[in-house]
Amino acid sequence: MTVPHSTSPFTTSLRSHLAGSLRVADAGTKVRLGGWVHRSRNLGGIVFIDLRDREGIVQVSFGTDWSTAECIAQAAAVGVESVVMIEGMVVARTGETRNSEMGSGDVEVRATVIEVVGPAETPALPVARGKGEKLPSEELRLRHRYLDLRRPELQQSLILRHRLMQVTRRHLSERGYLELETPILTKPTPEGARDYLVPSRVHPGEFYALPQSPQIYKQLFMVSGFDRYFQIARCFRDEDLRADRQPEFTQIDIEASFVRSDDILALAQGLIGALWREAGHEIPAHFERMTYQVAMEKYGCDRPDLRYGLEIKDYTETFRGIEFGITQSALAAGGRVRGIVVPGASTWSRKQVDELEAIAKGAGALGLLRVKKAEGKYDGPIAKFLTPEAQSSLALEEGSLALFVAGADRITSPALDRVRQECAIRLGLVDETARRFLIVTDFPMFDRDPESGALGAVHHPFTAPNPADMTAFPDEPHRWRALAYDIVLNGLELGGGSIRTHDYATQSRMFALLGIGDRDEQERRFGFLLEGLRAGAPPHGGIAFGVDRIAMLLSGATSLRDVIAFPKTTTARALFEGAPTQVSADEMRALHLRPESA
RNA sequence: GGGGGCGUAGCUCAGUUUGGUUAGAGCACUCGACUGUCACUCGAGAGGUCGCGGGUUCGAGCCCCGUCGCUCCCGCCA
């Protein structure tokens with residue numbers, strides 16, 4: 001059989017066109033197609049097969065005027081999800097027989113030949129679903145992933161992901177960034193998340209780790225003078241999972257030399273713009289900016305959703321003169337009273353506000369104080385404590401509800417953050433079509449463990465502290481800001497990075513502040529970075545973006561699993577291939593591992 | 001590590017509240033009819049370890065204990 005001529009890059013020696021690509025312009029063309037039987041309709045004298053490939057679906061018809069009886073019988077007998085090759089003529093459909101819901105709905109292929117090249121058993125889960133029909137369970141979809149991945153939605157998501165990767169490579173390459181690879185078998189890092197460990201056969205009792213990120217390697221590229229690096233890097237973290245967290249995930253990892261924060265942020269905005277444009281969205285060339293301090297003060301979190309207001313305000317002075325035990329004790333302990341005013345919420349029931357209080361308590365608050373203004377009067381449990389001065393200071397609008405949390409900022413911020421988000425949802429303030437990009441800067445360098453008081457790195461130990469803060473507060477490192485930044489969209493972190501420490505003395509001091517004061521210990525853990533810093537390191541910095549989340553947002557998927565071809569379950573299992581799995585005693589012995597004793 | 005939800009036919013679900021004859025529906029599947037359908041339609045049929053194990057009971061899909069799997073959340077994730 002000869003394959004009709006076509007200039008499509010998809011033309012092969014077996015087929016001429018992709019089924020889903022056929023249009024009216026192809027009418028009159030003889031085609032040979034290969035694809036999956038999406039659905040079929042047998043009307044007796046005429047049989048229809050919806051033939052599916054990655055471009056879409058085309059209707060193939062088998063009728064007595066153009067097909068042999070044997071051909072029609074074969075078409076009627078083939079099962080769904082079987083792979084068939086058909087040969088036929090593209091004809092324009094007329095009138096009622098057109099299907100406007102299909103890309104190829106103005107044509108059909110009148111088949112003269114059908115060959116079942118890959119017969120399918122009845123599929124374990126349906127690929128073609130009726131309108132409104134639910135998806136099979138996640139477990140089945142993962143167990144039969146090859147079938148789930150036939151669904152056009154998943155194919156489109158992965159195709160978009162491919163395009164985003166191509167845009168990334170082109171955008172960065174055009175700007176002088178080199179795509180350089182880093183090892184997957186690396187050195188365990190004591191900081192951060194748990195490592196996935198790989199036992200060494202050659203070196204008994206020693207282990208590699210899979211990288212949590214290529215952080216140190218990309219800094220060493222800068223030390224080596226490559227100047228601009230990027231990688232679409234797989235990263236691994238052995239922590240418990242969430243809907244938006246997989247044990248292995250992909251980052252767009254970027255590092256550049258002789259830069260300050262604004263150089264990296266300009267590049268990042270350009271790249272985000274290119275990615276969103278690829279998905280069909282024009283976005284602002286310059287993102288809004290906010291310091292960490294302002295973000296925490298007004299929104300209670302470091303990645304605020306700016307699609308709605310309900311900003312947090314400080315009501316400490318309003319409450320200072322009020323004889324109310326809860327706020328008095330919080331203020332006496334050095335805390336503040338902060339809150340949000342929710343317009344139109346005075347009608348919320350006691351139960352509805354109690355639910356908000358439960359959310360606040362879940363975030364660590366002792367309680368949620370409430371007062372509303374209805375029919376010109378202040379009302380609620382604390383209304384009778386409010387002096388006239390306090391009332392005029394509050395100045396509530398008619399119909400609004402004020403919610404307060406008292407205590408230290410580390411309590412009030414997360415509590416009010418959650419309450420704010422819930423109120424926005426209840427009031428329908430979240431505009432799903434809005435895109436509010438935000439750059440958050442000036443993160444603190446360190447945070448304190450509330451129990452031990454020990455300093456920890458907010459970003460990571462290689463982030464450079466703000467030199468001005470080091471000068472101004474030389475002995476108060478907890479007051480230092482970091483040269484770190486995050487890029488946020490609608491309350492979701494898309495990526496983050498920092499300018500790095502590039503001199504040995506500062507880096508060594510950072511380690512000391514983080515509890516690794518011993519020089520030998522520093523060398524043992526981070527020697528390969530410290531050596532590099534002593535060998536002539538340029539000022540450098542970078543950023544990393546979460547590819548999976550970006551692909552999820554731009555494809556409209558609701559789970560990371562829908563933009564990852566072969567994802568893991570929430571217990572980090574791969575249901576399709578069955579990993580992890582037990583290994584034989586011989587294999588364990590070769591790796592110098594012993595089974596856990598009872 | 002902790003908490004919530006789910007698990008019944010190949011798939012999606014009902015049935016569990018109040019234990020009781022042979023566990024149902026839609027889709028898919030098999031057979032038959034049908035020449036313009038597009039979630040074709042119509043007729044007939046087959047299909048069940050009620051996740052698994054144990055217990056209570058004359059009797060368990062249903063009650064109790066344990067366990068496994070999926071999922072969502074808290075802790076965790078520099």
Side-chain angles (χ1 to χ4, degrees), chain A residues 38-51 57-67 72 76-77 79-81 91 93-102 104-105 108 110 120-144 147-148 189-195 212-213 215-216 235-247 249 359 361-364 414 418 443 445-447 449 455-463 482 484 493 496 498 510-511 514-516 546 558-559 561 567-571 573 575:
Chain A
H38 190 66
R39 245 194 280 270
S40 64
R41 295 171 291 284
N42 178 2
L43 278 65
I46 187 165
V47 174
F48 299 98
I49 285 179
D50 290 342
L51 188 68
I57 293 170
V58 74
Q59 172 169 280
V60 182
S61 62
F62 301 79
T64 48
D65 290 349
W66 59 90
S67 314
I72 296 174
V80 291
E81 295 311 315
V91 298
R93 298 206 224 172
T94 55
E96 295 285 293
T97 69
R98 278 197 280 257
N99 183 344
S100 60
E101 290 176 19
M102 248 175 165
S104 68
E108 68 175 9
R110 297 200 168 165
E121 298 170 356
T122 300
L125 50 89
V127 177
R129 281 175 308 137
K131 288 166 189 158
E133 192 177 322
K134 280 192 189 171
L135 283 174
S137 71
E138 195 83 32
E139 184 179 355
L140 280 159
R141 290 177 50 201
L142 293 176
R143 202 174 292 286
H144 306 284
L147 282 175
D148 200 36
T189 51
E191 299 278 324
R194 269 189 290 273
D195 286 319
Q212 296 182 29
S213 83
Q215 180 62 35
I216 291 176
C235 307
F236 307 85
R237 292 178 191 174
D238 188 4
E239 294 291 344
D240 289 344
L241 305 177
R242 291 284 189 281
D244 61 349
R245 211 194 289 163
Q246 283 273 308
F249 58 98
I359 289 169
K361 284 181 171 173
R418 303 257 180 107
F443 283 79
M445 184 69 211
F446 303 105
D447 57 12
D449 185 305
L455 290 181
V458 168
H459 189 58
H460 58 53
F462 319 115
T463 297
E493 184 189 329
S498 64
M510 288 303 123
F511 286 139
L514 291 166
I516 316 170
T558 53
S559 164
R561 291 183 293 269
K568 305 283 191 290
T569 69
T570 49
T571 55
R573 266 190 191 286
L575 293 182

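Residue numbers begin at 1 in each chain, while the letters A, B, ... track the order of the sequences.
- Inter-residue side-chain proximity for A:Val127 and A:Leu147 is flagged as met; some heavy-atom pair is nearer than 4.5 Å.
- Residue A:Pro136 is classed as a sugar-phosphate contact, given heavy-atom separations below 4.0 Å to backbone atoms only.
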Would you tabulate the pairs of protein nitrogen or oxygen atoms and nucleotide nitrogen or oxygen atoms of nucleotides 72-74 of chain B closer than 3.5 angstrom?
unit_1: B:C72; atom_1: OP1; unit_2: A:Arg561; atom_2: NH2; d: 3.0
unit_1: B:C73; atom_1: OP2; unit_2: A:Ala243; atom_2: N; d: 3.3
unit_1: B:C74; atom_1: OP2; unit_2: A:Arg242; atom_2: NE; d: 3.1

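- A donor N or O paired with an acceptor N or O is not found under 3.5 Å between the base of B:C77 and the side-chain atoms of A:Arg237.
- Partners of A:His38 according to the ring-ring contact (aromatic ring centres under 6.0 Å, His included) rule, which considers only residues two or more places apart in sequence or in another chain, do not exist here.
- The closest donor-acceptor contact from the side chain of A:Gln212 to the backbone of A:Ala193 lies under 3.5 Å.
- We find that CZ of A:Arg129 is positioned 12 Å from C1' of B:A39, with the value rounded to whole Å.
- Judged by distance alone, with hydrogens and angles left aside, the side-chain atoms of A:Asp195 form a donor-acceptor pair with the main-chain N or O of A:Thr189 at under 3.5 Å.
- Whole-Å rounding puts the A:Leu135 CG to B:C6 P distance at 20 Å.
- Figure legend. B:G66 is base-paired to B:C52; pairs are counted as Watson-Crick or G-U wobble with both atom distances under 3.5 Å.
- When side chains are defined from C-beta on, A:Met102 does not count as touching A:Glu108, because their heavy atoms never get closer than 4.5 Å.
- Among the protein residues, A:Val458 comes within range of the sugar-phosphate backbone only, with heavy atoms under 4.0 Å from sugar or phosphate atoms but none that close to a base.
- Going from atom CZ of A:Arg98 over to atom P of B:U37 covers 14 Å, rounded to whole Å.
- Only the C1' atoms considered, B:A39 is 22 Å distant from B:G47, to the nearest whole Å.
- Partner assigned to B:C58 is B:G20, using Watson-Crick or G-U wobble distances below 3.5 angstrom.
- Between the base of B:C76 and the side chain of A:Arg245 there is a donor-acceptor pair shorter than 3.5 Å.
- In this structure, A:Val80 and A:Arg39 approach most closely via the heavy-atom pair CG1-CA, 4.2 Å.
- Within 4.0 Å of A:Leu514, counting heavy atoms only, lies no atom of the nucleic acid at all.
- For A:Phe462, the ring-ring contact (aromatic ring centres under 6.0 Å, His included) partners at least two apart in sequence or on another chain are A:His460, A:Phe526.
- Here the shortest heavy-atom pairing between A:Ser67 and A:Phe62 reads OG-CA, 3.5 Å.
- A close approach under 4.0 Å does not occur between any side-chain nitrogen or oxygen of A:Lys134 and OP1 or OP2 of B:C11.
- Residues A:Arg561 and A:Arg141 form no side-chain contact, since every pair of their non-hydrogen atoms from C-beta on lies 4.5 Å or further apart.
- Taking only side-chain nitrogens and oxygens, A:Thr122 never comes nearer than 4.0 Å to OP1 or OP2 of B:A28.
- Of the C1' atoms belonging to B:G20 and B:G26, the separation is 28 Å, rounded to the nearest Å.
- Between B:C40 and A:Arg41, a contact under 4.0 Å exists linking OP1 or OP2 to a side-chain N or O.
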Hey, mind stepping through A:Asn99 and A:Gln59 against side chain to side chain contact (heavy atoms under 4.5 Å, CB included) and telling me if it holds?
CA-CA 10 Å; A:Asn99 183 344; A:Gln59 172 169 280; over 6 Å; no
Taking only nitrogen or oxygen atoms into account, show me every contact under 3.5 Å that the protein makes with nucleotides 33-36 of chain B, one pair per line with its distance.
unit_1: B:C34; atom_1: N3; unit_2: A:Asn42; atom_2: O; d: 3.2
unit_1: B:C34; atom_1: N3; unit_2: A:Gly44; atom_2: N; d: 3.4
unit_1: B:C34; atom_1: N4; unit_2: A:Asn42; atom_2: OD1; d: 3.4
unit_1: B:C34; atom_1: N4; unit_2: A:Asn42; atom_2: ND2; d: 3.4
unit_1: B:U35; atom_1: OP2; unit_2: A:Gly45; atom_2: N; d: 3.2
unit_1: B:U35; atom_1: N3; unit_2: A:Thr64; atom_2: OG1; d: 3.1
unit_1: B:U35; atom_1: O4; unit_2: A:Thr64; atom_2: OG1; d: 2.7
unit_1: B:G36; atom_1: O6; unit_2: A:Arg110; atom_2: NH2; d: 3.2
unit_1: B:G36; atom_1: N1; unit_2: A:Glu108; atom_2: OE2; d: 2.9
unit_1: B:G36; atom_1: N2; unit_2: A:Glu108; atom_2: OE1; d: 2.6
unit_1: B:G36; atom_1: N2; unit_2: A:Glu108; atom_2: OE2; d: 3.3

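- B:G32 is paired with B:C42 under the criterion used here, namely a Watson-Crick or G-U wobble arrangement in which both key atom distances are under 3.5 Å.
- In this structure, A:Phe446 and A:Val458 approach most closely via the heavy-atom pair C-CG2, 3.6 Å.
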Just the table, please: protein N/O against nucleotides 3-5 of chain B N/O, every pair under 3.5 Å.
none

Could you pull out all donor-acceptor pairs under 3.5 Å where a side-chain atom in residues 238-246 of chain A meets a protein atom, sequence neighbours excluded?
unit_1: A:Glu239; atom_1: OE1; unit_2: A:Arg194; atom_2: NH2; d: 3.2
unit_1: A:Glu239; atom_1: OE2; unit_2: A:Arg194; atom_2: N; d: 2.9
unit_1: A:Asp244; atom_1: OD2; unit_2: A:Arg549; atom_2: NH2; d: 2.8
unit_1: A:Arg245; atom_1: NH1; unit_2: A:Asp240; atom_2: O; d: 2.6
unit_1: A:Gln246; atom_1: OE1; unit_2: A:Lys568; atom_2: N; d: 2.8
unit_1: A:Gln246; atom_1: NE2; unit_2: A:Lys568; atom_2: O; d: 2.9

